[in-house]
Amino acid sequence: MNENLFASFITPMILGLPLVTLIVLFPSLLFPTSSRLVSNRLISLQRWMLQLVSKQMMGIHNTKGQTWTLMLMSLILFIGTTNLLGLLPHSFTPTTQLSMNLGMAIPLWAGAVVTGFRNKTKASLAHFLPQGTPTPLIPMLVIIETISLFIQPVALAVRLTANITAGHLLIHLIGGATLALMSISTTTALITFMILILLTILEFAVAMIQAYVFTLLVSLYLHDNT
């Protein structure tokens with residue numbers, strides 16, 4: 001119980017060198033590839049899930065938007081596996097770092113916006129001023145729409161960071177309470193342990209849902225600009 005509550009969010013270091021790069025690259029090793037004509041069950045399941053998600057997410061896009069399919073599928077796999085690996089004991093979750101999430105959100109958002117201004121300049125500019133706006137409200141609405149546009153990547157990053165961080169903190173707190181209650185009341189400790197198990201199952205779902213939501217919102221931003 002004396003451990004710092006936020007110790008698990010500190011970037012791990014070895015000999016003064018951060019291990020974030022190795023941690024970020026590690027999930028890519030978990031997805032096997034096969035050059036055989038007939039794939040095994042694991043690879044078949046992996047391909048089926050990717051096809052299911054890509055059809056659901058990219059079905060609304062035109063030809064230009066569908067060129068982002070590989071990038072968005074790689075994004076959802078990376079965020080999902082990183083979140084799930086972060087639930088392992090004594091592990092580090094890169095998606096709890098706001099700087100990393102901003103590093104993913106800002107380039108993707110900027111790419112979608114730049115694509116919109118290149119391909120649909122008039123339609124992109126029309127978003128800043130809805131049709132039929134009274135003349136006195138035009139400056140205020142332009143400012144509001146501009147702020148709402150630039151706040152999109154921040155909302156993406158903050159949403160992912162807050163959800164993953166909150167889940168880890170709850171698991172840490174309830175786990176510590178369970179250990180403390182074992183010497184006081186076995187019954188209460190057992191109840192707390194059951195809550196911890198249910199919360200862990202919930203966090204597995206949250207880890208996958210947040211990966212899907214992050215990628216889906218990027219896909220919707222792209223759809224608005226293609």
Side-chain angles (χ1 to χ4, degrees), residues 1-14 16-31 53 57 71-110 112 147-181 189 191-221:
M1 293 295 291
N2 294 327
E3 183 183 357
N4 184 5
L5 187 62
F6 296 94
S8 60
F9 304 114
I10 299 175
T11 305
M13 309 276 287
I14 289 184
L17 299 175
L19 298 179
V20 175
T21 304
L22 295 178
I23 295 173
V24 168
L25 293 176
F26 179 72
S28 62
L29 304 177
L30 301 178
F31 295 96
V53 174
M57 191 174 295
M71 181 184 297
L72 294 182
M73 291 303 102
S74 301
L75 178 67
I76 192 172
L77 284 176
F78 170 73
I79 298 177
T81 52
T82 303
N83 291 345
L84 291 174
L85 289 174
L87 293 173
L88 296 175
H90 304 288
S91 61
F92 173 74
T93 312
T95 48
T96 57
Q97 307 296 313
L98 182 60
S99 56
M100 176 177 171
N101 295 335
L102 284 173
M104 291 189 295
I106 292 177
L108 293 170
W109 166 83
I147 294 174
S148 66
L149 177 66
F150 282 97
I151 209 171
Q152 287 176 352
V154 180
L156 272 178
V158 170
R159 180 185 295 107
L160 179 59
T161 303
N163 281 281
I164 302 302
T165 303
H168 286 203
L169 287 176
L170 279 175
I171 290 177
H172 183 87
L173 289 172
I174 296 179
T178 304
L179 290 175
L181 289 170
I191 295 174
T192 311
F193 181 69
M194 294 300 296
I195 296 175
L196 178 62
I197 293 176
L198 293 175
L199 180 62
T200 304
I201 296 173
L202 176 63
E203 283 305 309
F204 273 98
V206 169
M208 293 182 287
I209 290 171
Q210 287 304 314
Y212 179 78
V213 169
F214 188 97
T215 311
L216 179 62
L217 288 175
V218 173
S219 174
L220 292 177
Y221 294 156

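This one's a predicted model, so the numbers in the text were calculated from it and none came from an experiment. All residue numbers refer to positions in the sequence shown, counting from 1.
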Can you find a heavy atom in the side chain of [X] that is under 4.5 Å from one in the side chain of [Y]?
{"X": "Thr192", "Y": "Ile174", "result": "yes"}
{"X": "Asn83", "Y": "Met208", "result": "no"}
{"X": "Thr93", "Y": "Thr165", "result": "no"}
{"X": "Val218", "Y": "Met104", "result": "no"}

So, for [X] and [Y], which heavy atoms are closest and what is the spacing to 0.1 Å?
{"X": "Met100", "Y": "Thr95", "result": "SD-N, 4.4 Å"}
{"X": "Ser219", "Y": "Leu72", "result": "CB-CD1, 4.0 Å"}
{"X": "Leu199", "Y": "Leu170", "result": "CD2-CB, 3.6 Å"}

Give the table of side-chain donor-acceptor pairs shorter than 3.5 Å for residues 151-163, with sequence neighbours excluded, one pair per line with atom names and distance.
unit_1 : atom_1 : unit_2 : atom_2 : d
Gln152 : OE1    : Trp109 : NE1    : 3.2
Thr161 : OG1    : Asn101 : ND2    : 2.5
Thr161 : OG1    : Ala157 : O      : 2.8
Asn163 : ND2    : Arg159 : O      : 2.6

Rounded to the nearest 0.5 Å, how far apart are [atom1] of [X] and [atom2] of [Y]?
{"X": "Ile195", "Y": "Thr200", "atom1": "CD1", "atom2": "OG1", "result": "11.5 Å"}
{"X": "Ile76", "Y": "Thr81", "atom1": "CD1", "atom2": "OG1", "result": "10.5 Å"}
{"X": "Gln97", "Y": "Phe92", "atom1": "CD", "atom2": "CZ", "result": "4.0 Å"}
{"X": "Leu179", "Y": "Leu196", "atom1": "CG", "atom2": "CG", "result": "9.0 Å"}
{"X": "Ile209", "Y": "Glu203", "atom1": "CD1", "atom2": "CD", "result": "10.0 Å"}

Q.
For the OH atom on Tyr212, are there more than 12 heavy atoms of other groups (residues, nucleotides or ligands in this structure) within a distance under 6.0 Å?
A. yes

